[in-house]
Amino acid sequence: MHPIASGAMSPYHAGVFSLAVYTILVMLFIASQLFLAAWLGEKKKTEEKSRPYECGMIPSGSARFRYPVPFYKVAIFFLIFDVEGAFILTWAVVYRLMGVAGFIQMSFFIVLLLAGLFYIWKQGGLDWKEV
Amino acid sequence: MERGVEASRFESIADRVINWSRKFSLWPMFFGLSCCFVEEAAVFTSRYDLARFGAEVLRPSPRQADLLIVSGTVFKKIAPVVLRLYEQMPEPKWVISMGSCSNSGGMFDVYSVVQGVDQIIPVDVYVPGCPPRPEALLEGLVILQEKIMSERPARRVFHLGGGTQGTERPVLAEGVTKSSDPRGPGYPGTVIRGTSLLPGTLHWGNRSDLMWTPQARRAVLSESDAEVAAQLLERFGSKARLAPQSSDMLTFEVDRTSLKEVLHFLKNESSTKYRRLDDLTAIDESARRDRVWNKGLCEGTSEVGAAEALCKRQPGENYSDFTMVYQLLSFESACRVRIKTGLEAKGGEKLASTASVTDLWPSANWYEREVFDMFGIRFDGHPNLHRLLMPEWWEGHPLRKDYPGRATEMAPYTFEDARKRQPMDGMQLSTLDNKGPTGDREFFLNIGPHHVSTHGLLRCIAGLEGEQIKSLDLEIGYHHRATEKLGERQSWHQYIPYTDRNDYLAGSSLEFSYATAVETLADIKVPERAQAMRVLLAELYRLSNHLVWMATFAHDLGAMTPNFYTFAEREMILDVIELITGGRLHAEFVRIGGLAADLPEGWKEAVDKLTAIFPRRLSEYEKLLRKNPIFMARTKGIGRISLEDAISWGITGPNLRACGMAWDLRKNMPYSGYENYEFEVPTATEGDCYARYLVRVEEMRQSIKIIEQVARNMPSGRYVTEDYRYAIPRREEMLRDIETLIHHFVNVTRGMKIPVGEAYGVTEVPRGEHGYYAVSDGLGSAYRMRVRSPGFANIQALPLMATGESIADLISIIGSMDVILPDIDR
């Protein structure tokens, strides 16, 4: 590693003291806000007020159950292809260095994932309503 | 001592700062009960602009609101919800009671209405009016701001004990801290005015009997009617008899035993096929004055045949205990038929029953439940015979003649009632099969009665799996204003204001229907000018209604902007209406036999100005929506209903036309001179939300066309009939001769008498076919006033459209159907 030339960056002095003061001030400020919000004002707790609001009705059934989330599947699939993007982007940066071998390897990777995508698509994995 | 002074100085400064901040940042809840809310909504839009007062952010949830504006009628069924919403609001909170109904029950002194919201929650400011104009609500808000400035909130805010903030007034108790005697205090024990008008409670005889009228109108049967009549007589012999008199349509009296066969025959086999069940209702005949009581004779015999022979009634001379009325409509021949069946009641409970016709028409489901609810008549074979409009805990059947009509005659509704009388649990009302234990994937969600997108007090109980609707069940009746019972109490003339309120966006259109019914019954000729004026008003209200629909539909789909634009044009239309009638929402301008007054000076210019501007503006607003991909994605292909289903569920109006049928009463069964105007009946074929949108927008264009033609060709002449036996005479004439003066006096005080008979009057209102079935016993008020509303039939098909769609689509579907609750619950 070459030492960084002086003047290239602003001079850095580790002002631990100022940082500590700053942190404490921020913490105090946040705490005061939270405290004021919690303490100020009249608070009355009644049975009706602590009941969940459901268009003025008393909710029926429990809220503890397996809620089907069709979005979940779509989100998971997105995540897979998101990671794929991360690989492709890094490869694009070193495209020339990797040469033809890299191109072939990457193409294989993409084709594999595409095949997976088409499979999911065909299976109806991207359909919102299918639960 | 000094510290105390310091403290109070600090307090008074803090008080002022807190009050000032609060007064200009009120957060009203998006909460409306009925008509008044429409005026409240107008306050938020551009012309009245509530934002100037710092209260423009409407909150849909009580958690985020500090101002509850109770706008509209507080019904006994909804009162527990009002109380809960109030209690779920955080401290401090304020309450404005908007409008006469909320203040005191107003004109609805009737069994289903709480006589003042102050009986269940405390109220800061009362805004009078029915409905109050938007300016009145603004003043109410200013008064509330002044009240806030007089509070001492600092001690409460800093937990010092004492101090005042929010609503501090006590909840009132009827008879202890308030009195809702309409005559004021000091009249306990005396009979309320108008009691003598009530059938069945004839204390001193009725002065209507001293008045003479010609007989009711006799309808002339058309060829197709006569053919059907002949077929019925041939097929059913003595079991089906042509009614001796009918004012409006072919009417048959049928034996109870062959009723279903007759209905089946009319639907499927007769020469004219009546495919739609137009209406189904009942009449309690026990208070008929000319009822010959020969029951003693009948009850002695045990043999069925002999009893029939003995009790053979002469039609028109006496009546059964109940009459069931089925009204069918044929699209091909554009005609109706009425089938009446007498039912005998047994025992002290007056139990009566008949066969259900739900297998012939699915739409009969709710109609029969309503009859069960209101009359206690049972239907054999009905899949789900429960109360429909009244809550489950209700006792008695309100439309029976021995049932008290007035809320002030019943035990007052109290705070404790609002605690106790909770609406039914959603799980019990749901038809979802799998009502499994926890850990299941399905769950229930109440959408409404207090919800921004249900457009009123409608409760949908959705059985959901994730976002998908597995089952949808509706609970209605939260807006039941007992308008049919009121029709039996108010005089023929006095009932007009109640008709407006059956659909608070369609104003005069409903007065128009009602007047048509009475005019058909008594054979009153309406002058041409009055007919044209009625058409003008009806079309103006159609425009105004469709503009509100357009705004709210877009709003439901997340587009706020059209709201502010269309309400501006709506104000323009209301200005024209106000110029002509003097009213905004409720014009109360139609009179039996004509209208209340002639057109004022300058009406033509005002109408012309509107018709010149409107089409261009409409195109602009359309662009806002049709170029919006979100709007298109959320309406196209959503909430589809087939034409077949639409007919069998009795859907009318634009919702029917969106399924591809060009059926519009203005065209197919013209009335009031509609045949003289050139206009088209817009249709669409898809039957989805977008189709319903297209039809309504095109209808606005056609309405403008009609308005132009009416304005151009307004006939001269009288605005009210010359037949002053039935009409309120013109003032100039009343002051001129004694005859007219007498008519004026009689018709204004005790009211006109309408001859014995019955008639159905219907017009095409913005939502579909809204009709009144008026039955007269020859008195000053109706014997039975049945309101056939389009919304009741339309909304019954909602589960059909929404099941299987996602929950967001439900909002789109409700928005596209243009529902309004007073016409569903009546």
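Note that the structure is predicted; figures quoted are calculated from it, not measured. First the proteins, then the strands, lettered A, B, ... as listed; each starts at 1.
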Original post:
Should the ring pair A:Phe103 and A:Trp91 be called parallel, tilted or perpendicular, given that the plane angle runs from 0 to 90° and is split at 30 and 60?
Top reply: tilted
Subject >> Best-contacting candidate, B:Val82, B:Leu83, B:Val157, against chain A by heavy atom pairs under 4.5 angstrom >> reply: B:Val157
Subject >> Ionic contact status for B:Glu416 with B:Lys420, cut-off 4.0 Å >> reply: no
**OP:** Can you tell which part of B:Pro153 gets under 4.5 Å to a heavy atom of chain A, answering side chain, backbone, both or neither?
**Re:** neither
Original post:
Which answer fits B:Phe31, side chain, backbone, both or neither, if we ask what part of it has an atom under 4.5 Å from a heavy atom of chain A?
Top reply: neither
Original post:
So, for B:Phe75 and B:His479, is the gap between ring centers shorter than 6.0 Å?
Top reply: yes
**OP:** Would you mind checking which part of B:Pro449 comes under 4.5 Å of any heavy atom in chain A, side chain (CB onward), backbone (N, CA, C, O), both or neither?
**Re:** both
**OP:** With a 4.5 Å cut-off on heavy-atom pairs, point out which of B:His451, B:Met89, B:Glu87 contacts chain A the most.
**Re:** B:Glu87
Original post:
Checking heavy atoms, do the side chain of B:Pro92, its backbone, both or neither come under 4.5 Å from chain A?
Top reply: neither
Subject >> Check ion pair B:Glu11-B:Arg16 (N to O, under 4.0 angstrom) >> reply: no
Subject >> N/O donor-acceptor pair under 3.5 Å between B:Thr164 side chain and B:Arg152 backbone >> reply: yes
**OP:** Using the six-membered ring wherever Trp is involved, compare the ring planes of B:Phe158 and B:Phe10 and label them parallel, tilted or perpendicular (cut-offs 30° and 60°).
**Re:** tilted
**OP:** Calculate, to the nearest 0.5 Å, the distance between atoms CG and CZ belonging to B:Leu85 and B:Arg63 respectively.
**Re:** 9.5 Å
Original post:
Are any side-chain N or O atoms of B:Thr167 and backbone N or O atoms of B:Lys93, one a donor and one an acceptor, separated by less than 3.5 Å?
Top reply: yes
Original post:
Among B:Gln422, B:Gln88, B:Arg459, which has the most heavy-atom pairs under 4.5 Å with chain A?
Top reply: B:Gln88
Original post:
So which residues of residues 28-48 of chain A are in contact with chain B at a heavy-atom cut-off of under 4.5 Å?
Top reply: A:Trp39, A:Leu40, A:Gly41, A:Glu42, A:Lys44, A:Thr46, A:Glu48
Subject >> Test applied, side-chain contact (heavy atoms from CB on, under 4.5 Å); reference residue, B:Val819; option that passes from B:Ile813, B:Leu798, B:Ile795 >> reply: B:Ile795
